[in-house]
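Heads up: the structure comes next, in structure tokens.
Lettering follows sequence order; numbering is per chain, from 1.
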Protein chains: 2
Amino acid sequence: MNDVAAAAGVALKTVSRVVNNEPGVNTATAERVQAAIDRLGYRRNDGARTLRQGRTSSIGLVIEDVADPFYSGLSRAVEDVALGHDYLVFTGSSGESPTRERDLVLAFCARRVDGLIIVPAGEDHEYLTPEVDAGIAAVFADRPPGAGPETDIVLCDNSSGSRAGVEHLIAHGHRRIAFLGDSPAIFTAQERLRGYRQALAAAGLPYEERLVAMGPGDQARVQADVERMLSSPEPPTALFTGNGRMTVATLRVFASLASFAPPGVRHGGGAEPMERPALVGFDDFELADLLKITVVAQDPVGLGRTAAELLFQRLSGDDGPPRRVELPTRLVDRGSGEVGPGS
Amino acid sequence: MNDVAAAAGVALKTVSRVVNNEPGVNTATAERVQAAIDRLGYRRNDGARTLRQGRTSSIGLVIEDVADPFYSGLSRAVEDVALGHDYLVFTGSSGESPTRERDLVLAFCARRVDGLIIVPAGEDHEYLTPEVDAGIAAVFADRPPGAGPETDIVLCDNSSGSRAGVEHLIAHGHRRIAFLGDSPAIFTAQERLRGYRQALAAAGLPYEERLVAMGPGDQARVQADVERMLSSPEPPTALFTGNGRMTVATLRVFASLASFAPPGVRHGGGAEPMERPALVGFDDFELADLLKITVVAQDPVGLGRTAAELLFQRLSGDDGPPRRVELPTRLVDRGSGEVGPGS
DNA sequence: ATGAAAGCGCTAACAG
DNA sequence: CTGTTAGCGCTTTCAT
């Protein structure tokens with residue numbers, strides 16, 4: 001900027017005015033400055049600018065995994081809102097590691113992001129207190145934070161959604177419905193289990209431990225649990241899966257059990273294969289329509305957009321009490337809840 | 001930092017030394033400083049630090065869409081490499097808009113990122129020349145840049161992969177193979193078309209314009225093209241689709257045509273429905289295994305990792321000639337190339 | 001082992 | 001309309 005000023009024969013501040021389109025610069029002078037800028041290939045250093053201004057016009061986004069379709073939808077929504085406000089986004093994946101979540105958040109804070117959107121992996125967010133006290137706005141999305149500062153929170157209505165999905169199965173005559181959920185440490189997994197129990201209780205059905213399996217979503221674990229349940233004396237006639245990965249893993253188990261018909265397909269003749277159990281999954285996924293899987297759809301884009309909008313309201317001065325928003329879910333009936341002995 | 005220094009009764013520089021673990025500080029003094037830091041909740045301002053140091057320890061990543069599984073895999077790989085080097089990542093989606101690509105890149109440059117990884121949407125990258133001259137490293141991934149500075153480039157071997165996919169269909173007896181590609185403006189679409197033509201030529205098969213359709217990947221366009229081709233006098237017996245979205249769209253078309261059997265399934269009795277055409281797709285996708293779709297798999301994670309590794313080599317001083325890396329593709333045979341009249 | 005001074009590139013506040 | 005001065009928070013350089 002100094003060089004430009006020298007080249008144009010003006011003072012530093014005049015260059016600054018031109019660069020920022022500030023009013024009160026003679027047109028001729030402005031042109032001379034602009035010419036010098038173009039000639040020298042000058043670009044304003046936004047790092048210095050933000051240091052001076054005290055705002056960085058950037059936010060940090062910490063999610064579980066950018067490569068997970070649910071979170072990448074959320075991520076894209078946050079990005080779009082941010083760009084609409086001329087903000088840039090630092091993105092990081094925690095991979096369900098509380099340590100990595102914390103390290104990312106603190107790294108973003110050290111860069112003095114103006115705000116944070118966090119899908120928490122950890123259960124202790126005291127580490128955020130000094131940062132929030134220092135004026136960094138934070139919004140939690142998808143899961144509530146553990147102990148720590150009071151912030152805005154945006155969630156899906158997990159228990160109601162889960163309850164609706166299980167009630168759908170019950171309405172189609174199923175009495176023994178298994179629940180396959182994520183690790184119990186995860187908030188959403190607990191909530192969805194709660195909805196499952198509510199649905200059973202409301203229908204006067206017993207809650208059976210043997211029909212509930214919670215744990216990591218890897219194929220091996222799901223395979224073991226599904227096979228164990230299906231080969232038990234009184235097997236479930238329907239499965240309710242607690243998230244998209246779990247649903248897909250269950251479909252792979254079905255495919256591996258040769259005695260079942262493929263998803264959504266009835267054989268036209270020959271020996272009738274064993275009917276596969278009904279299946280309803282929490283969370284929609286690509287190709288669920290083709291595979292005809294009934295799901296309780298969440299709204300990842302809505303989650304991201306809402307979180308970002310709340311954040312920008314805070315950034316523009318809103319200092320009302322913390323808000324908690326729950327987004328509704330939607331049952332998408334594609335027929336997979338109707339099949340099987342229950343129907 | 002001033003406050004901490006005052007509180008600890010030392011000079012500013014001593015606090016700086018403690019914060020950065022620089023040697024040459026008396027243990028007792030260091031403890032006193034640390035106590036003051038903790039008490040005051042002091043955090044180093046990395047913005048100021050990077051201003052002084054001239055490096056920001058951050059990179060910018062511009063992709064087409066963070067919510068697309070292909071790019072989100074790439075994105076995650078970049079992020080992992082960056083975090084391994086203690087770098088932070090600004091992420092942005094261009095949405096195939098050259099303007100948005102340019103705006104994002106220039107915004108990242110204004111923040112003085114040390115490096116850029118770009119999946120280009122535009123065809124003119126002259127806008128990058130001043131930035132690269134100013135010392136910002138750039139690597140292009142997935143597609144080569146248009147006119148502009150010479151940089152490292154990481155691509156998939158699109159034409160070979162496409163050729164292998166089409167040859168697979170030819171090997172299974174197909175003679176009329178349609179090609180459904182992305183808009184011709186997109187480099188990868190052109191390359192994959194080239195591979196398709198090479199495979200036909202090598203087998204002595206004619207190239208028929210009527211069997212080639214290129215355009216945006218939306219369902220309506222794909223539906224129209226596929227239906228037109230299949231209802232033509234001499235319909236193709238096989239389709240080769242130019243990317244994952246196109247493959248999925250084609251599967252939806254198949255599902256909508258009630259006369260076809262569902263993917264991978266033969267009816268056991270009754271009136272035999274019209275056999276659906278064979279299908280091979282470029283790019284693997286979630287559940288392709290369940291749907292039994294043969295694909296030419298790319299390696300999005302390898303693409304991202306390689307691009308990031310090249311970038312960090314440049315950042316650590318490598319100034320050799322620009323490199324161009326082509327990652328191999330892999331044919332994953334799941335049986336969908338064998339079906340139909342050709343086999 | 002510690003500190004003082006200068007300055008990274010910019011803008012806010014106040015002149016002229 | 002234009003310029004001067006100070007300082008954002010830190011690190012570099014050079015003294016002590």
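- Within the 4.0 angstrom heavy-atom criterion, no nucleotide atom of any strand lies near Thr50(B).
- Between the CG atom of Leu40(B) and the P atom of dG9(D) there is a distance of 14 Å, given to the nearest Å.
- In this structure, Asp152(A) does not pair ionically with Arg324(A), as no charged nitrogen and carboxylate oxygen lie closer than 4.0 Å.
- Proximity of Thr29(B) to the phosphate of dT2(C): a side-chain N or O atom is located under 4.0 Å from OP1 or OP2.
- Rounded to whole Å, the distance from CG on Asp46(B) to C1' on dC10(D) is 10 Å.
- Between the side chains of Gln34(A) and Arg39(A), no donor-acceptor pair of N or O atoms lies under 3.5 Å.
- Going from atom CG of Asn21(B) over to atom C1' of dT11(D) covers 15 Å, rounded to whole Å.
- Between Arg314(A) and Asp319(A) there is no salt bridge, since no side-chain nitrogen of the basic residue lies less than 4.0 Å from a carboxylate oxygen of the acidic one.
- Ionic pairing of Asp80(A) and Arg100(B) is present here: one or more N-O contacts between side-chain nitrogen and carboxylate oxygen are shorter than 4.0 angstrom.
- Map Thr14(B) and Gly47(A) each onto its nearest nucleotide of DNA chain C; the residue landing nearer the 5' end is Thr14(B).
- Between the axis at the start and the axis at the end of the helix from dA1(C)-dT16(D) to dG16(C)-dC1(D) there is an angle of 40°, using five pairs per end and rounding to 10 degrees.
- Using a cut-off of 4.0 Å between Lys/Arg side-chain N and Asp/Glu carboxylate O, Asp46(A) and Arg52(A) are scored as not salt-bridged.
- Within 4.0 Å of Arg43(B), counting heavy atoms only, lie sugar-phosphate atoms of the nucleic acid but no base atom.
- Between Leu311(A) and Ala137(A), the closest heavy-atom pair is CD1-CB, 3.7 Å.
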Candidate pair Glu79(A) and Ser93(B), rule side chain to side chain donor-acceptor pair (under 3.5 Å), full reasoning: CA-CA 8 Å; Glu79(A) 194 196 295; Ser93(B) 302; 3.0 Å; yes
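- We find that CZ of Arg111(B) is positioned 17 Å from P of dG9(C), with the value rounded to whole Å.
- The separation between Arg112(A) atom CZ and dC10(D) atom C1' is 11 Å, rounded to whole Å.
- Checked for salt-bridge contact, Glu131(A) and Arg102(A) miss the test: no charged N lies under 4.0 Å from a carboxylate O.
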Going 5' to 3' through nucleotides 11-16 of chain C and flagging B where a protein heavy-atom sits under 4.0 Å of the base, S where only the sugar-phosphate is that close, and - otherwise, we get BBB---
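- Using a 4.0 Å cut-off between charged nitrogen and carboxylate oxygen, Arg323(A) and Asp318(A) count as a salt-bridge pair.
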